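What follows is a short report on a single structure.
These figures come from a predicted structure and were not determined experimentally. To find a chain, count down the sequence lines: A is the first, B the second, and so on, and within it residues start at 1.
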Number of protein chains: 2
Amino acid sequence: MAGASYPGTMDTPDDDWLRLDQQICFSLHAASRAFNGVYRVILKDLGLTYPQYLVMLVLWEHGELPVKKLGEHLRLDSGTLSPLLKRLEAAGLVTRERSARDERSVQVRLTEEGTELRRRALQVPRRIAASTGFGAAEIRALRARLDDLTTALDAAALSETPGGSPADARS
Amino acid sequence: MAGASYPGTMDTPDDDWLRLDQQICFSLHAASRAFNGVYRVILKDLGLTYPQYLVMLVLWEHGELPVKKLGEHLRLDSGTLSPLLKRLEAAGLVTRERSARDERSVQVRLTEEGTELRRRALQVPRRIAASTGFGAAEIRALRARLDDLTTALDAAALSETPGGSPADARS
DNA sequence: CGCCATTCAATTGTGCGCAACTTAATTGTG
DNA sequence: CACAATTAAGTTGCGCACAATTGAATGGCG
């Protein structure tokens, strides 16, 4: 509200950029936490945290996966996944077993109970969607925007990195 | 509330909702972390983390504030802010002092060095904006969308709360 | 005035996210 | 075959987020 409208970028002064920056980074941060909060409440019934739910979604879709693949789907590394999977295992939702073929890799499988949980999870998305007040189309549009953003940011992070390793051709 | 029909939803089957849900929550989660990653790299020069930067932005704008007010601006509670502010204090960027007027409250003030840091921070937003590949207008549009989302989610979180304490007129 | 409810910060405990490092298995190369 | 390089998980350490609790200060009310 403060002073105004900047049509394009033209020569927006630094101070205004700083204010805009405050707004956009705050907005994304806040939205992410707000989302997290709603999921927290809804997922409490299932005994899952939000990240655990994401892992379960991937497993429900793919059946079973090594930790590495799970990490690629979710962009998470073993530092995050290992303890998380241990908790899911303790909860009786998954099993972790070293692969016989390649002893380095650990296969994550749904238990009976884990598979079962999917039925109860089916109503979660509707409750979330209802909470947003957004329709399917709007959600899809927002998702597309966010994915663009993520793609751009990931690319930028690489070029911006001090090490800046150029070779990043991931599988 | 079961069986209700939702705004844009025809009769999309549950399975598809689950898949869409996977996508939108994953997208937001990923975007948030990607943003965080870019800030991490850029803010390293300033010796700040992303949440610390948010706190500094608020302080640069308002000069000095009690912890409570800081928390309202950022939607963070003392559980998060107390240790964070201690670290900013240790870094010599802020001071914390119990208010003489009301001994319960702690006033957070910028030090000389903290005020000084703003000049170096002025170029951060431009680097971030460049990383996103978005123009000011796009950023603003996205921000507006995210704020809508946050508002809706916050409202929903309250009504969704298990305790659903009717008297939830906070503040 | 005395007491109780409220308010603000801080603390504790749990979980996520990420960097850096460790350990073990596999692969590639001579 | 032997040995270095690579790969997969796990571990450690730090910081953030949030719920729940604690403790001190304040304000309201009889």
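- Whole-Å rounding puts the R104(B) CZ to dA10(C) P distance at 14 Å.
- Between F35(A) and I128(A) the shortest side-chain heavy-atom distance falls below 4.5 Å.
- Look at R75(A) and E72(A) and you find no salt bridge, because none of the NZ, NE, NH1 or NH2 atoms lies under 4.0 Å from a carboxylate O.
- Counting to the nearest Å, the C1' atom of dG15(D) and the CG atom of L43(B) are 14 Å from each other.
- Whole-Å rounding puts the K86(B) NZ to dC14(D) P distance at 15 Å.
- K69(B) comes within 4.0 angstrom of no nucleic acid atom, judged by non-hydrogen atoms across all strands.
- With a 3.5 Å ceiling on both atom-pair distances, the Watson-Crick or G-U wobble partner of dT21(D) is dA10(C).
- With sequence neighbours left out, the side-chain hydrogen bond (donor to acceptor under 3.5 Å, both in side chains) criterion links E103(A) to no other residue.
- In this entry the distance linking CG of L81(B) with P of dT11(C) reads 13 Å, nearest Å.
- In terms of the side chain to side chain contact (heavy atoms under 4.5 Å, CB included) criterion, residue partners of R104(B) (sequence neighbours excluded) are, by chain and number, D102(B).
- Every residue two or more places apart in sequence or in another chain was checked for a salt bridge (charged side-chain N to carboxylate O under 4.0 Å, His left out) with E113(B), and none qualifies.
- Between L48(B) and M56(B) there is a side-chain heavy-atom pair separated by less than 4.5 Å.
- Listed candidates were dT6(D), dC8(C), dT11(C). Nearest to the side chain of K68(B) is dC8(C).
- Residue T49(B) is in sugar-phosphate contact alone, with no base atom involved, counting any heavy-atom pair closer than 4.0 Å across all strands shown.
- Under the 4.5 Å side-chain criterion, counting only non-hydrogen atoms from C-beta, Y53(A) is in contact with V124(A).
- Toward the 5′ end of DNA chain D lies the nearest nucleotide of P66(A), the other residue of the pair Q52(B) and P66(A) mapping further downstream.
- Summarising the geometry, the separation between CG on L65(A) and C1' on dA8(D) is reported as 15 Å, rounded to the nearest angstrom.
- The V67(A) side chain lies nearest to dG10(D) when the options are dG10(D), dA24(C), dA9(C).
- For E97(B), the CD atom is loosely surrounded, since the number of other residues' heavy atoms within 6.0 Å does not exceed 12.
- Closest contact between the side chain of S105(B) and the listed nucleotides dT6(C), dA9(C), dA8(D) involves dA9(C).
- Atom OH in Y50(A) sits roughly 14 Å away from atom C1' in dG17(C) (whole-Å rounding).
- When the nucleotides dA9(D), dT26(C), dT11(C) are ranked by their closest atom to the side chain of S82(A), dA9(D) comes out on top.
- In this structure, the CG atom of L74(A) is 16 Å from the C1' atom of dA9(D), given to the nearest Å.
- The aromatic rings of Y50(A) and Y39(A) lie parallel to each other, their planes meeting at an angle below 30°, with 60° marking the opposite boundary.
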Under a 4.0 Å heavy-atom criterion, the protein footprint on nucleotides 17-22 of chain D, written with B, S and -, is BB----
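- D147(A) pairs by the side-chain hydrogen bond (donor to acceptor under 3.5 Å, both in side chains) definition with R143(A), S27(B), not counting sequence neighbours.
- Contacts between residues 90-103 of chain A and DNA chain D, counted as heavy-atom distances below 4.0 Å, involve R96(A), R98(A).
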